[in-house]
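Since the structure comes first, as structure tokens, the remarks are kept for the end.
Residue numbers begin at 1 in each chain, while the letters A, B, ... track the order of the sequences.
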Protein chains: 2
Amino acid sequence: MVEIEAALADLVGIDHVLTGDRISDDYGHDEALSVTPARPAAVVRPASTAEVSAVLRLASAHGIPVTARGSGTGLSGAAVPQPGGVVISFERMNAILEIDTANHVAVVQAGVTLAQLDEAATAYGLTYPVYPGELSGSLGGNVATNAGGMRAVRYGVTRSQVLGLQVALPTGEVIRTGGKLAKASTGYDLTQLIVGSEGTLALITEVTLRLYPRPPHQACVLAPYRTVDEVARAVPKVVASGVGPSILEYLDALTLAAITHANQLELGVAAEIRDSAQAYLLVMLESTHADRLEADIERLGELLTELGAIEVYVLPGPSARRLIEAREKTFWTSKAAGANDIVDVVIPRAEIAEFLRVVKEIAHRHSSYVLGCGHAGDGNVHLAVFQADDEVRSALLRELFEAGMKLGGLISGEHGVGRCKKRYFLELTDPVTIELMRRIKFAFDPAGILNPGVLLDPLTA
Amino acid sequence: MVEIEAALADLVGIDHVLTGDRISDDYGHDEALSVTPARPAAVVRPASTAEVSAVLRLASAHGIPVTARGSGTGLSGAAVPQPGGVVISFERMNAILEIDTANHVAVVQAGVTLAQLDEAATAYGLTYPVYPGELSGSLGGNVATNAGGMRAVRYGVTRSQVLGLQVALPTGEVIRTGGKLAKASTGYDLTQLIVGSEGTLALITEVTLRLYPRPPHQACVLAPYRTVDEVARAVPKVVASGVGPSILEYLDALTLAAITHANQLELGVAAEIRDSAQAYLLVMLESTHADRLEADIERLGELLTELGAIEVYVLPGPSARRLIEAREKTFWTSKAAGANDIVDVVIPRAEIAEFLRVVKEIAHRHSSYVLGCGHAGDGNVHLAVFQADDEVRSALLRELFEAGMKLGGLISGEHGVGRCKKRYFLELTDPVTIELMRRIKFAFDPAGILNPGVLLDPLTA
């Protein structure tokens, strides 16, 4: 390994090869609650695509496992290295290469964070609309996990924004896919195949992303309902109404209480309403025209009332912003409250009520607490699972995933499979599909050095 | 072959295995102008996914090439069979399985046409927004080529609408990908990989598609400009303005003259304006509110005038509809005018002016005519090439594609590579990318029976 270290130092400079005590614990995990951290043999911090490529060539030649790392904000353990492997950290590849205002496109290195891009785009009146709730997340990581977030109901997830990539293949070759292009029908869509592949097919070095005009006017509505059922039934109607919400979230009463408490938020919901509300709908609208926004908010309020809302609160700017921020931090609130795991099953949005009914029943049967909120417009239900016993929790999770799949859903809407959900993924997915994915993995990475053990079992035992 | 015929008849019924004279010439080609038709040994018309699967199993066992066929409206020769191979025609698999109004989703068999789906969705106030100009096209074919069309500037191409698929693998196994899901991060996105794969990876038997609320109000603006340059420069400004056009097309003066003449359309453009206009911008807006639409049209008119429009015509409903229909039929008009080929290079939308400048120069150098129009908002330039000499035309096309790629573009935005553009695709694309695509093809289709010779060269010589 000493020779490998020396070779790595030749490639990226001795200061950027960390080994032994110089590897901080951070490099051994991401934010997943249920994964065992691991210690890599080395962390390298390349400064360029050429350096990434050179490191991969070396790793390929020696059969060394490689795990890509952005900001480590993932929730599925996909950035947890293979013990003895190499972590390629993209922290130094953090340049915004271009904000192209004529094509409404940003070109960024993989290590650029959402916060950085947001600041740069805002300066041009543009916005990158994916807010997965953690603005320190890197774009490379966002692409690798196909990050979603609250605004996906209007703009789509990361997948919808990625127009092109520069990636390094495990054998070191660098290719470009797509471009500043609204469409393409020129061979297999490698861009879309790599999005969401969790670092197992190729390492993303550069991303070309769609930007949007930044709508200047926003308003936020919070509507308490007596039952989760009513909230779930309201969702398709809000979508069908044509108001085009940019955010459409549901929160159960306990989750709202937890996040408002944790963030010292006073929303002005009267005590007697709080007492009778089991769930809340949170809707944000945005517009280029203040008057249209006002009219739409009014129409939305009427619709929500018709659909059973106990009250409709139009939140003033600062409260709205703070509530959205608090909602984005639900993960941290749940973690602080002692949640043992967080999952994000996705189902057809019309099935939310039925899914939550089944979830309640499963939780009850396993004497566990399962609380949640979710991207209601997307059918993406985030559940915090409180059950300290590993075996009971595993059984419960498996049942949750199975229940989602029975309703036409999948295990994860935006967090990915990673290491944490791999077992369930492999057990519950059609074996023909798994075998096809293994063959695709082999097409990219015949030596199996990229993130072995993530998503699929290592190709060779 | 007689034994194979008998076996096929056992699988789908004797009436649905066509051989010899019972194979009409139609099955030997699609609408591509520059491809040589070929005669398959048999055409089979399965009635179900199970029958498709059984036919593939048989073909796999005997190494028989298989070409899927929807309505045969493709423009790249991807539905031209391998001589001696089998065509699987989806004409009998034409059932709309579900219009799901709660999830805004349609589930259709591969042979359902756009016209059929449009009628069914309209009945529920919904719309499937991809209009590639040929409503007799099948959804299976649309998915296989990632069809685009005029409304892609607002809604995205077919890829953006496909939420899930049922496909038969070449070895006969049937899998489902995705679902009625707005998002997913659960393994490699097989849905997106199969979209645009031109029948070379798997056969699409069923498609789950996103539907949208149908906006009741639409208006159309036609603006003549003195130069193509001015039109091209106007495009990014219209997009940035936030009016959100559902159609944003440019037409050169000759193309507009040809399609209005061919369709006996009178647009009311004064003769002196016609004389000085070199190019036209066609913009459609839509809205749920009549008053907002009116205000937006006014704002758009002012913007277009500022950007140099000689005049701004707001077309009344019937004229607008007829102009859009005529634009959709440009292909037929070009064909009737004797065009020798049609291509649809895609480039970053801000590069349209520069690309058209280079195209003019290339056409001039090869003493050829190249006319066109295009999806300006998408940077997707449709060019009709008039040059009867095969060798000269090939050289010219190669230069067109190269010029597009130099500007960051790709060979095809929505028609696909098929057989017609394969040679250019293989010559002009990075060999590492081609090799990766070959390995992906092999992962799906190790025996190479699916549409051999389309997109890539056959895996075995």
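Heavy atoms of other residues, nucleotides or ligands lying less than 6.0 angstrom from OH of B:Tyr155 number more than 12. In this structure, B:Glu294 places its CD atom where only 12 or fewer heavy-atom neighbours from other residues, nucleotides or ligands lie under 6.0 Å away. Around CD of B:Glu298, the count of heavy atoms belonging to other residues, nucleotides or ligands within 6.0 Å does not exceed 12.
The most heavy-atom pairs under 4.5 Å with chain B, out of A:Gly408, A:Gly148, A:Gly187, come from A:Gly187. The candidate with the highest count of non-hydrogen atom pairs below 4.5 Å against chain A, out of B:Met437, B:Lys180, B:Gln192, is B:Met437. Taking A:Val417, A:Asp378, A:Asn103 one by one and counting their heavy-atom pairs under 4.5 Å with chain B, the maximum is reached by A:Asn103. When each of A:Val153, A:Val195, A:Leu455 is checked for heavy-atom pairs under 4.5 Å with chain B, A:Leu455 comes out on top. The candidate with the highest count of non-hydrogen atom pairs below 4.5 Å against chain A, out of B:Val239, B:Leu201, B:Asp344, is B:Leu201. Interface summary for chain A: among B:Ala182, B:Gly377, B:Gly242, B:Pro348, the most heavy-atom pairs under 4.5 angstrom belong to B:Pro348.
Using a 4.5 Å heavy-atom cutoff, the side chains of B:Leu169 and A:Val432 are in contact. Put simply, the side chain of B:Asp189 does not reach to within 4.5 Å of the side chain of A:Leu193, judged on heavy atoms. Annotation: side chain of B:Glu173 is not in contact with side chain of A:Glu435 (no heavy-atom distance under 4.5 Å).
Of all the heavy atoms in A:Phe444 and B:Arg439, the pair that sits closest is O-NH2, 4.4 Å. Between A:Ser185 and B:Asn146, the closest heavy-atom pair is OG-CB, 4.2 Å. Across all non-hydrogen atoms, the minimal contact from A:Ala443 to B:Ile440 is CB-N, 4.0 Å. Contact between A:Ile347 and B:Leu181 at its shortest, heavy atoms only, is C-CD2, 3.4 Å. Pairing each heavy atom of A:Ala102 with each of B:Pro236, the nearest pair is O-CB, 3.3 Å.
When heavy atoms are compared at a cutoff of 4.5 Å, B:Arg299 approaches chain A solely by way of its side chain, counted from C-beta outward. In this structure, chain B has no heavy atom under 4.5 Å from any part of A:Arg233. Both the backbone and the side chain of A:Ala184 come within contact range of chain B, judged by heavy atoms closer than 4.5 Å. Only the side chain of A:Val157 comes within contact range of chain B, with at least one heavy atom under 4.5 Å from a heavy atom of that chain. Within the 4.5 angstrom heavy-atom criterion, atoms from both the backbone and the side chain of A:Ser412 approach chain B. For chain B, the nearby parts of A:Ile411 are the backbone and the side chain; heavy atoms of each come within less than 4.5 Å. Only the side chain of B:Leu190 comes within less than 4.5 Å of a heavy atom of chain A; its backbone N, CA, C and O stay farther away. At a 4.5 Å heavy-atom cutoff, the contact between A:Val174 and chain B is made by backbone atoms alone. When heavy atoms are compared at a cutoff of 4.5 Å, B:Ile194 does not approach chain A at all. With a 4.5 angstrom heavy-atom cutoff, B:Ala240 touches chain A via backbone and side-chain atoms both. Looking at A:Ile434, there are no atoms closer than 4.5 Å to chain B (heavy atoms on both sides), in backbone or side chain. For A:Asp430, the part lying under 4.5 angstrom from a heavy atom of chain B is the side chain only. Proximity to chain A is absent for every atom of B:Tyr212, based on heavy atoms less than 4.5 angstrom apart.
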Handout entry: Residue pair A:Asn380, B:Lys183: steps toward the side chain to side chain donor-acceptor pair (under 3.5 Å) verdict
Key = CA-CA 8 Å; A:Asn380 191 195; B:Lys183 52 162 63 161; 2.9 Å; yes

Exercise for the section: Could you go through the side chain to side chain contact (heavy atoms under 4.5 Å, CB included) check for B:Leu436 and A:Tyr188 one step at a time? Expected result: CA-CA 10 Å; B:Leu436 186 56; A:Tyr188 305 140; over 6 Å; no

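Under the side-chain contact (heavy atoms from CB on, under 4.5 Å) criterion, B:Ala147 pairs with B:Pro132, B:Asn142, B:Thr145, B:Thr158, sequence neighbours left out.
Under 4.0 Å is where a charged nitrogen must lie from a carboxylate oxygen, and between B:Arg292 and A:Asp296 at least one such pair does.
Contacts between residues 422-429 of chain B and chain A, defined by a heavy-atom separation under 4.5 Å, are made by B:Phe425.
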